[in-house]
Structure formats: C-alpha cells, structure tokens
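What follows is a short report on a single structure.
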Amino acid sequence: MKSLWDEAKAQTFEGELQRRVYSSRLLGADPSLVLHGGGNTSVKIQERDLFGDVQDLLYVKGSGWDLATIEAKGFAPVRMDSLLRLAELDELTDSEMARQLRLATVEPAAPAPSVEAILHAVLPYRYVDHTHADSIVTITNTPSGERWIRELYGDRVVIIPYVMPGFALAKLCAQLFPEQAHARTVGMVLLNHGLFTFGDTARESYERMISLVSEAEEFLKGKGAWNLPLNRTQRQGEPVGHRISALRTKLSEAAGVPLIVSLREDEALTSFASLPEVGSIATRGPATPDHVLRTKRVPLVGQDVDRYVAAYGEYFQSNSAGAVELKMLDPAPRVVIDPDIGVLAAGRSVGEVEVVGDIYRHTAQIIQRAELLESWQALPEGDIFDVEYWELEQAKLKGGGSRAPFAGEVVVVTGAASGIGRACVESFRARGAAVVGLDINPEVVELSRDASYYGVACDVTDEQALTEAFERAARRFGGVDMLVLNAGVFPPSVRIADLGSDAWSRTIAINATANLSALRIAYPYLRAAPRYGRVVLVGSKNVPAPGPGAAAYSASKAALTQLARITALEWGVDQIRVNVVHPDAVYDTGIWTDEVLRQRAENYGLSVDEYKTKNVLRTEVRSSDVANVIAQLCTLEFAATTGAQVPVDGGNDRVI
Ligand code: ZN
C-alpha cells in the first residue's frame, strides 16, 4: 500500500479542517481500507464562539457521510469538555449517548456525530484516523490474532480486545490506552474490528495508517498468506438466468419485498464459490462487525432459502432472549454462494446490491488469507447479533421511510436508445426500477453510467440474441418483472399499389413477430416475478384510426395489439397483466427533425406549433408523456387492469 499524499494538492486545502477533509478522502479512496461509509476520522480544533470565548472542539465524521467524498460540512463539531465528561460515566446507553452527542454539537445543521466520537476525544492527539483495513481484520480474525499483531508491531500499537462499538468501546479504550501507550505508540489495533492511527498533523496520522497497513500486508506475504490461486471451474458460460430468477422469487418472498439479485461476475468470487470448503469457511461470520448491517452475519451456501430463513429465526430467538422490544429484520440472506453459479448479492435496491457485492469481494479474500495464515475465526454470533440489532440501528428502522413504486423490480425496455423507449428508461428509473435497455443501436450501452441501468445491444428479430439479452438481464439484476415492447419501425409512406411484399414482411417481422419472440422468451421470467409480471406494448393510433400510405405499419401494429389481447387472456392465470398504449404524433424523437416537421406543417398550411398540437386537447404529446403512462400502467394502481388499450394522443376525433 502506497501513500497517496500529494503535498502540492494538500496545500490547496487550507486550515486544519480542510486538511482533515483531504486526508479522509485519501483513506476513502482505497477500498482495502474502508468500504461504503465504513471508518471515521476526526481533528481537534480550538475556535472562538460568538462571544469571543475559546472552545475546544472535536470535528468528527458525521453519520451518513462517506470518507471518499466527505466535505467540511460532513464533520460535526462537538464540544471536547462534554465528550470527556461523558467518557467518565460508568454507564450510558447508546441511544442516550447519541442524544448527548447531538446536544454537545455546536452547529445545529451538522450531521449526527459518529458513534465513535467519544473514543476519538479520549485519544490525546490532534488527528485521529480509523479504518477497517482488510489486512488487519485478516490477521485478527484468527485464533492467534493478538499474538500475530504483537509479532508484527511489537509494542508500537495498543491492542484492544473486541468489544461492541459505541460507548462500551470508548470506555475500554479510555482505560486501556493510557496503560499501554508511550512515546513510540503510533496506532491502536481493535481485534476483529480495525485500526486507529493518530498524529499531530493530518499527514502524520494518514501516513502512519498507510505504513502500519503496508507492514501488515508484508507480514501476510511473509507468511505465505497473500496470493490466492484461482480455483478454475469448467462451467463458464452456461445459461443460469432461469435458476437465478427462481432463486430471486424465493429470496423476495423471504424478504417480503422484491429484491434485486446480482451475480458477481468476478473471477476471484467465482473461484471462491467453487472451493470445496466454502460451506465451512463462508459461514463463520463477517470480516468486521458493521458489515452485518449490509450482508447479514452469514451467506446462504446453496439454494435452500427455507432452511436459511429457519436458521435466521433461531439465531434471532436465541440471541434476543429477554429483549422484548427487538423487532426481527427480514430473514432473507444478502449473499448467496452457489458453487455452480457463483456469488450473488441481494438487496432492496441496486445501490444496496452494489455495496453488498463490494463488501463480499473483500470478505472472500480476507477469509482465504486468514485460512492461509492460520484459520478463519470470526467473532461469536452473539457479538455480531448485538451490532445487527444495535438500538441505534433499530431506531432507524422505526423511522420507516417510503419505498419507490418499483423498488427492487426490473424492467426490460426494447428500442431503448431513443424516443419513447429512452423516455421509458427515465420513467422507470424515476420510480425506482432497475432498467435493462435493449436496442439495435449500440449507443444503448452508454445511455447511463448509473448502476441501476444496464444496456445491451441486441437485434430484436434475432431470437438467439434476444434469449442472450434476457439471460444477461437475469445475471445482472435477478430476473424480469416488467417488459416494455417498444422497438418498431415506421416505414416510408407507400400506397398499396406500390407496396412490395419484402417491405411488408420486414415491417411485420420487426413490429409484430419480434414481439412474439420477446413475449415467449420473457414468459418464464415474468411468471417468476415476485409481484407478478407486467407487459406494456407500444401500439399506435393507426390501430383504431389507420391512414392511407401506412398499410404495413398499421397492419403490423394491429397484429401486435391482437397479440397483446390474446397474451392478456392466456397469462391472466399467472397474474401477468398485459396492456397496450396507442401514442400518436410524438415529435420529440429522432426521425422528426426540425426540417421534416417544417415540411409536414407546410403541407397542412399550419405553423410547426399548430401542427404539433393538432389534437382535441391542443396539446403537444411528448415521449415522456407516453413513457409515464406506460410506467404507471405497471404500478399497483392498475392491479386490476389487463387487456386495456390506452390512447396517448392528445385526443383524436377518429379514435374518440
Ligand atoms: Zn470501526
């Protein structure tokens, strides 16, 4: 591990607090030090208040902030005298502590101070840095953890046995630190948890962290506990989409809400999943206690969700005995290790899944290295339970919070690169869905960099490609809940006397037949959708009100509409709803350039604005209007509607 300190860059961060921001971001930039909100940092600063009185403050990381992206306002300024007095109490519940930390904060708009604020205050150094460094938790989660740490660092670090984070840990450190510390002390190891360093400057504290962690990495290398050979499997490339989709149904049922399930297509994790001993080593506990809040204590190894749920219930019962107030969290696993498929991460949103996946990528490595060093030995389940059901975390649950309508659900949109399809990508994402966009235009892949979007270049008339696209959707997000069949062509105007059979067949192939393939391929996925499948097909005003010169187009959309109606009849038994929208005159799409619009308007003797709003409501119909109706048809508000045809055309007198 190398120091990322850049003195020239650091100079642009003026003042103690800004230096704190700079070095906190350096720590946050390395996922082998801290992951997703883990770790915390502080700086002690003297400031004058409004009355000119000098006050000693601890600026400590606020909860909800991530070290990688923290700003000055992400640090809560807390009065040192209050913190030191709190440290002298014999007992304090963590919720009372959190309240007292709030009261001792001198900025009303500040975030809630880290629960480790008191611990930061009792360490007698200006800068304090805390991480959950992979190499430290690797070494300390072994039977001889403490002995290894002594062998590695000698007496340069203070060693604190594991105790629950929060007041108990602050109290223990306040007692043990002065007993063990001396002039050469540069850090403090919390067994099974992480590492603290400190210093007089931001740079000193940060570089001590880097140097202690580097030494730990070298130590592991010296013990032959660093390089992890890949355990090659033969099953690469085999389709697994339907198995993942079936697993997701069971996981969602256990969670009580739809979950996103994502196969981590990472060679190291696939290798880990196929280790013969994975069932034993993966089920001993997390690398550091607060990972339990993201990953649960242990993964499910195999596919027996029922057994996992039963075991979780027993774990809750036996560890919560006496605590009547506790509310059991949903018992669905967040990591599933299937030796045949690989490692899957589960969560209520793509964001949660990404965090789980990242944590587990590190955890698998930590476990294997600890096994090579000696043996992976995580904390007893009671200690992990205490963190999982920590009163502060339970309080957050009571807050509740509303879920987006499509949270945990997946939609596949065809023709997603432009027009109505592209607007659908936005409409479904705005409602919390994970979106898979298909289009023959390869730009569909780059439509968004957000993890909740996955673009696949695919010709919908190619059944093989379509099958592959659904397989990829299931690997990425776990299945398909909703399908928007939007891809289509609008051929140039031709009278029947001049309409060739090839042009006719081509239009029918894309606008009708390709959608039959998509429906057939999607069916098993939609049938497995936790809240039942939904399909919306994009028809056209030309179905109820065709126009001359558009025979192939109108006939193909009519065939599509009839296909949708039969699908609604056949799939009702599976609770899958199938509806059609009939848009008209949507001009904010690729084919309608300003020039084309001007010519069309001229043909009618109208201005462009008059032409665009040539409907009963005199309103312009945009792609987003159509997309919003499509998305809304998939919500629970329309739970009793199937086989419907909804015009989105501003009102058309021939349709009305
Ligand atoms: Zn920690």
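Order of appearance sets the numbers: ligands from 1, and atoms from 1 within every ligand. Bear in mind that the values here come from a model prediction, so they are computed numbers and not experimental data.
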_In the protein, N/O/S atoms that are found under 2.8 Å from the Zn ion (ligand 1), waters not counted_ = His130 NE2, His132 NE2, His193 NE2
*List in chain and number order the residues that pass side-chain hydrogen bond (donor to acceptor under 3.5 Å, both in side chains) with Asp30, two or more places apart in sequence or in another chain; answer none if no residue qualifies.*
Ser32
*When you look at CD of Glu253, are more than 12 heavy atoms from neighbouring residues, nucleotides or ligands closer to it than 6.0 Å?*
no
*Indicate yes or no for a side-chain donor-acceptor contact from Arg208 to the backbone of Phe198 under 3.5 Å, with no hydrogens or angles considered.*
yes
*asked:* Under 6.0 Å between ring centres: does that hold for Tyr59 and Phe75?
replied: no
*Report yes or no: do Asn40 and His130 form a side-chain donor-acceptor pair below 3.5 Å?*
no
_Salt bridge flag under 4.0 Å for residues Arg79 and Asp81_ = yes
